[in-house]
Amino acid sequence: MRKYPRPVDEPTSAELATIEAEWPLIEAELSVLDAEISLINAANHGGPSPLDWRRLRRAEARVTRVAAELAARPAVRKAVA
């Protein structure tokens with residue numbers, strides 16, 4: 001049976017595991033982006049409310065918290081071939 005090389009455009013299982021491990025941070029950063037978009041849209045409707053600003057601050061705090069949690073995890077060393 002002939003083995004064909006893995007297509008280059010597909011992630012490896014190790015890459016998928018890395019993405020899964022970092023997903024909480026990615027999700028938190030998307031929350032910041034969403035809050036920033038809301039601020040931009042609010043500018044066209046009388047300006048952002050205190051609730052809009054609070055949403056942004058909470059999203060930014062979440063990014064900081066999740067990044068610290070990820071940094072505290074032990075590093076997984078890759079095997080060198």
Side-chain angles (χ1 to χ4, degrees):
M1 176 179 217
R2 182 179 170 157
K3 292 186 177 182
Y4 293 97
R6 179 183 61 82
V8 178
D9 60 344
E10 293 184 19
T12 65
S13 59
E15 291 168 334
L16 288 174
T18 300
I19 292 168
E20 186 174 333
E22 293 177 359
W23 187 252
L25 181 58
I26 295 166
E27 187 176 43
E29 290 172 338
L30 288 171
S31 295
V32 170
L33 180 61
D34 190 42
E36 290 173 337
I37 290 169
S38 293
L39 289 175
I40 292 168
N41 288 333
N44 295 331
H45 302 285
S49 70
L51 187 59
D52 292 328
W53 288 110
R54 181 173 185 238
R55 182 177 177 212
L56 177 62
R57 288 191 309 271
R58 289 184 67 161
E60 290 171 338
R62 182 174 169 219
V63 167
T64 302
R65 186 175 56 254
V66 172
E69 290 170 2
L70 285 176
R73 290 183 187 173
V76 178
R77 299 199 180 255
K78 293 182 180 179
V80 177

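Note that the structure is predicted; figures quoted are calculated from it, not measured. Note: hydrogens, waters and symmetry copies are ignored here, and every other heavy atom, side chains too, is used.
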**Student:** To the nearest 0.5 Å, what is the distance between CG (Leu70) and CH2 (Trp23)?
**Tutor:** 13.0 Å
**Student:** Does Ile37 have any side-chain contact (heavy atoms from CB on, under 4.5 Å) partners at least two apart in sequence or in another chain, and if so, which?
**Tutor:** Leu33, Asn41
**Student:** Checking Ile19 now: which residues fulfil side-chain contact (heavy atoms from CB on, under 4.5 Å) with it, not counting sequence neighbours?
**Tutor:** none
**Student:** According to a hydrophobic-cluster definition based on side-chain heavy atoms being under 4.5 Å apart (Ile, Leu, Val, Met, Phe, Trp, Tyr only), do Ile26 and Leu16 belong together?
**Tutor:** no
**Student:** Please identify each residue that fulfils salt bridge (charged side-chain N to carboxylate O under 4.0 Å, His left out) with Glu27, with sequence neighbours left out.
**Tutor:** Arg62
**Student:** Donor-acceptor pair, Glu15 side chain versus Thr12 backbone, under 3.5 Å?
**Tutor:** yes
**Student:** Please report the interatomic distance CG(Leu51) to CG(Leu56), rounded to the nearest 0.5 Å.
**Tutor:** 11.5 Å
**Student:** Suppose we screen for side chain to side chain donor-acceptor pair (under 3.5 Å). Which residues come up paired with Glu60, at least two apart in sequence or across chains?
**Tutor:** none
**Student:** What pairs of residues pass the salt bridge (Lys or Arg N to Asp or Glu O under 4.0 Å) test when at least one of them lies in residues 49-58, not counting sequence neighbours?
**Tutor:** Asp34-Arg55
**Student:** By the salt bridge (Lys or Arg N to Asp or Glu O under 4.0 Å) test, which pairs, at least two apart or in different chains, include something from residues 36-50?
**Tutor:** none
**Student:** Going from CG on Leu39 to OG on Ser49, what distance comes out if it is rounded to the nearest 0.5 angstrom?
**Tutor:** 8.5 Å
